[in-house]
Amino acid sequence: MMLVDVLCAVLLIAGAVFFLAGTLGLLRFPDVYTRLHALTKADNVGLGLMMAGLALQAGSWAVVGKLLLIWLLVLLAGASVAHLVASGALKRGIRLWKR
Amino acid sequence: MEALTLLAWMFDGLLGLGLLWLAWRALTCPDLFRAIVLFIAFGLLMALAWVRLDAPDVALAEAAIGAGLTGALLMAALAKLHPTETNDNLSVQAEISRPKGRLLQWLPVVALLLVSAGLGYVVLSLPPYVTGLSAEVAANLKTSGVDNPVTAVLLNFRGYDTLLEMVVLLLALLGVWSLGGTELHRDTAPGIVLDTLARVLVPLLILVAAYLLWVGGHAPGGAFQAGAVLGAAGVLLLLAGWRPRVGLMAWPLRLMLVAGPGAFVIIAALLYMIEGQLLEFPTAQAGILILVLETAATVSIGLTLAALFLGGRPRNDKGLT
Amino acid sequence: MGTALTDSPWGVMLILLPLAGGMICFIWPRMAQVLGLVTVFSVALSVVGLAWQMLDTGVYRHAVGGWGAPLGIDLYADGLSLLMLLVTAMVGFAVSVYSAAFFEREDATRFWPLWLFLLAALNALFLSADIFNIYVTFELMGLAAVALVALAGGRDALGGAMRYLLAALLGSLAYLLGVALLYHGFGTVDIALLAERVDASPVVWAALGLMGTGLLLKTAVFPLHFWLPPAHAHAPAPVSALLSALVVKASFYILLRLWLEVFEPLIGSEGVHTLLGLLGAMAVLWGSVQALRQTRLKLLIAYSTVAQIGYMFLAFPLAAAAGVAAWNAAAYLAFSHALAKAAMFLAAGNLLRFGGHDRIADLDRVVQRLPLTAAAFALAGVSIMGLPPSGGFIGKWLMLEAALVQGRWDLVAVIILGGLLAAAYIFKVLGYAFTQADVVHESRAVPASMEWAALLLALGAVLLGFLAVPVLSLVGIGDPFGASEIRP
Amino acid sequence: MSASFLYALVGIGLFSLSLYGLIVHAHLLRKILALNVMGSSIFLVLVALAKRTNEAPPDAVPHAMVITGIVVAVSATALALTLMLKLTAETGRAELPDDQRESH
């Protein structure tokens, strides 16, 4: 059983690293569009890894199904909200960052 | 195990500091838009705190109503307060009113420090191990008709509180309508993305609300969490530009709004005739009666929260609103 | 016939009837007025039924849901809550008759559901024996009252309603923190059980501080009265009558109930009740002086409310030695002030409807043209001033007696000075009512039912002076003031 | 000094912070935010102290009280926001009438 725990730990830590990368992106990137990019990428990949790790620990298949549903919902919501924020920003005339 | 408790302590400490920091930033941030976003983040951290304190029902309610719907109401109010077509970014500068003069500035701070020190001492003076009413709740759980203790307390043991509380929600809507609240104006047509998001999510949200309502009987969930999810579906629809047909506006809507408290009052009156005590559920039918009450409550809470978000009084042809 | 009356569910009907009435009025706006009047009348009958039942079987206790005290919520009614229920029924009925003629079509459909929910909240509050349940009734009462104040629309009404809402929410939340501390300290939120378990520990002191501050804010006692005058003065006349007569006294009733039962071990302490007495005395003097300075009639009456509430708080220092006499005086003052103040606000509403303004200086020969309203205002003034034979006189006389017995000359001086100041501002208004104003403007007819509603309430306040013995025996049911055990 | 007391103290801290925020700021939206934070802080104290049952499941009664409180808080907030909007439409500023006269 040790292998499952180790694998789960590795997956969770990898997910956490992606979230860390997303947060760093949020702080460091110059304008709203790049920050959105950083956040959405970190969100779905990081969350995907975490869900995989938790699925290993899950008792029944129903819980695995629920975890998958959560991940899909976050993907759907994250992508559309990012689009809405970006189009809102464009409508307000926030220009893209150029070096 | 020592490392684990240390880790748990660190997490609690960080969460506590996070809560205090977010609340302080939300209250003293010059930009109102950012203050509301910080408040929503504060609501989500609060939901995390409820999970840490073994209160999953409260976490659901806080995330759905405390952070979600209250945040949506605040955002809608801010949008109506400062229509953002004019300035370029969303930030709404509202000057922080510092009290004038040194004494006036430090007096409240010192007074509040004393108050919190006193309250902190009082809280710490409470006995460390106490079970409160959990013994009585566990003893009567079997005859309450549900297995989830929180739903048992909410719907059966203290059902009278819940009746009054649903009337409070209805009363808030009545107050908003009697004020003739400002309509949520639609400046631009909703984009294709928001439209498809609404088309996909709303049926799923209604399904999740039904699931939460059903699962409330034996696991965290129940009428208020389900009603909040239904309210969120309503808010999403309203954001996507959907408005109820005018014909629907008159008494059908009002009937559904009153369904929750109305069902409670009718059942309370009937039970009084039969059992001789207000809101005393006969143990055999307690489960069914609670389910009926919860279903009616979910419908009216969902509709009321969506109508509160809409704000304005629904116009209908007869002019009698 | 006797048994049918005594075991029928009066207490429960007092809560379910207005709730059901309010909901039906909301669903069926066209029938709101008729339904409202029928509901209020049946609630008044239920209160009489409850009184009959309690005279027969003593205290009314009802375990909601059949669970009993620590787990479930109890409804409890003794003499004091019965008195408040009677006041609510009487003032509520008169105001309902008045509102039937006062509001036009559009406002009426909004007024009735809000008013019936406020009535349900008041009845639920006076019947509740559970401090968390009282928090929920406070919120129900607060939101209904704010929505009613804002019904008038316009800058002043909205400003008054907003300040009132913020004060009410802050008061309720401070009260709730006190409830949280008491629950976690003693494991129950039921008043009777708390009274047994409470000791003079820091938790109880903190709970007294928090709940006391919250309730003082909701009762608008002197330093915390800032929200009352704008809210009561700029609301529609029937709403001002309801707020000043009933809503403000509900939080005083809860403060009194908690003081007598839950915080009983702390009663002996000198500091707290002298502080309350000081606040009461300053409220009497400051309120009366402010009322004297007002140029608008409704603001004058609102500041008079602040002053009269001060009188009730004078009972706290006197109760240390005089015990039941002081509390009887406070209860009597509450009863007569409710009737008199409601009559005054309704009379002011009539004057506003008649002249289109409520500037005291421009009251144009009101006595000749609106005799019933002027009589109502004068009779209500008699009770506010405390002249014999009115109910106000009995209340003040009992209070004076208690003060003289203990030799509290400072309180005696405050009571008498307050009475003189009250006489000053009432005669100021009556003075203008007799004379002719310099600017003459067209007047609008005032429906007879509105004038009679005000007059009947004022007559009630005066007749109260003759009913001292029956009313005090009614208040004595269930011994709310702990007269039985000898006060240390 | 278990976790429940830590959260209870955080609740007390939040209560004082929100009381300060309510008193000092003139803008009505800030006052409504402060009232919401104050409500949450009292709920935190209620539920935190319900967790003093070591390993046993916590006491369910405060949880039910907090759920009732959350719903009451959202209805009060909705009414307060609408009142603020109507007041702003009437007076042009989102502040209580006498704060407005003071500030300019």
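The structure presented is a predicted model; accordingly, all values stated were derived computationally and were not measured. Residue numbers begin at 1 in each chain, while the letters A, B, ... track the order of the sequences.
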Donor-acceptor contacts under 3.5 Å from residues 41-53 of chain B side chains, at least two apart:
residue : atom : partner : partner atom : Å
B:Trp50 : NE1  : B:Glu62 : OE1          : 3.4
B:Arg52 : NE   : B:Asp12 : OD1          : 2.7
B:Arg52 : NH2  : B:Asp12 : OD1          : 3.3
B:Arg52 : NH2  : B:Asp12 : OD2          : 2.9

(request) Before giving the answer on side-chain contact (heavy atoms from CB on, under 4.5 Å), spell out for D:Thr68 and B:Val168 the whole-Å C-alpha distance, their side-chain angles and the decisive distance to 0.1 Å. (result) CA-CA 10 Å; D:Thr68 307; B:Val168 166; over 6 Å; no
Drop me the distance from [X]'s [atom1] to [Y]'s [atom2], to the nearest 0.5 angstrom.
X       : Y        : atom1 : atom2 : result
D:Leu6  : B:Trp9   : CG    : CH2   : 5.5 Å
B:Leu73 : D:Leu79  : CG    : CG    : 11.5 Å
D:Thr82 : B:Leu173 : OG1   : CG    : 9.5 Å
B:Leu74 : D:Asn36  : CG    : CG    : 6.5 Å

Of all of [options], which one pairs up most often with chain D through heavy atoms under 4.5 Å apart?
options                                : result
B:Gly13, B:Ala55, B:Ala26              : B:Ala55
B:Leu171, B:Leu169, B:Leu305, B:Leu308 : B:Leu169
B:Gly227, B:Ala61, B:Pro149, B:Ser116  : B:Ser116
B:Leu69, B:Leu126, B:Val109            : B:Leu126
B:Val137, B:Thr162, B:Leu20            : B:Leu20

Where is the tightest heavy-atom contact between [X] and [Y], given as atom of each residue plus distance?
X       : Y        : result
D:Phe5  : B:Pro127 : CZ-O, 4.1 Å
D:Met84 : B:Ala77  : CE-CB, 4.3 Å
D:Ile12 : B:Gly120 : CG2-N, 4.1 Å

With respect to chain B, which residue among [options] yields the maximal number of heavy-atom pairs within a distance under 4.5 Å?
options                            : result
D:Asp59, D:Val10, D:Leu14          : D:Asp59
D:Leu44, D:Ile23, D:Val45, D:Leu83 : D:Leu44
D:Gly21, D:Ser40, D:Ala34, D:Ala50 : D:Ser40

(message) Could you walk me through whether D:Tyr7 and B:Leu15 satisfy the side-chain contact (heavy atoms from CB on, under 4.5 Å) test, starting with their C-alpha distance in whole Å, then the side-chain angles of each, then the deciding distance to 0.1 Å, before giving a yes or no?
(response) CA-CA 9 Å; D:Tyr7 282 105; B:Leu15 188 56; 3.3 Å; yes
(message) What verdict does the side-chain contact (heavy atoms from CB on, under 4.5 Å) test give for B:Asp57 and D:His63, after you've listed the backbone C-alpha separation in whole Å, the side-chain angles of each residue and the deciding distance to 0.1 Å?
(response) CA-CA 8 Å; B:Asp57 296 78; D:His63 294 190; 5.6 Å; no
Side chain proximity check, [X] to [Y], heavy atoms < 4.5 angstrom:
X        : Y        : result
B:Gln225 : D:Ile67  : yes
D:Val37  : B:Phe39  : yes
B:Val153 : D:Met65  : no
D:Ser75  : B:Glu165 : no
D:Ile70  : B:Thr70  : no
B:Leu32  : D:His27  : yes

Measure [X] against the heavy atoms of chain B and call it side chain, backbone, both or neither at under 4.5 Å.
X       : answer
D:Leu33 : both
D:Thr88 : side chain
D:Leu81 : side chain
D:Val71 : both
D:Ala56 : neither
D:Ala73 : neither
D:Leu22 : neither

When you measure from the side chain of [X] to the backbone N and O of [Y], does any donor-acceptor pair fall under 3.5 Å?
X        : Y       : answer
B:Arg158 : D:Ala64 : no
D:His25  : B:Thr28 : no
B:Asp54  : D:Pro58 : no

(request) For the pair D:Val61 and B:Val150, evaluate side-chain contact (heavy atoms from CB on, under 4.5 Å) and give the outcome as yes or no after the intermediate values. (result) CA-CA 7 Å; D:Val61 172; B:Val150 175; over 6 Å; no
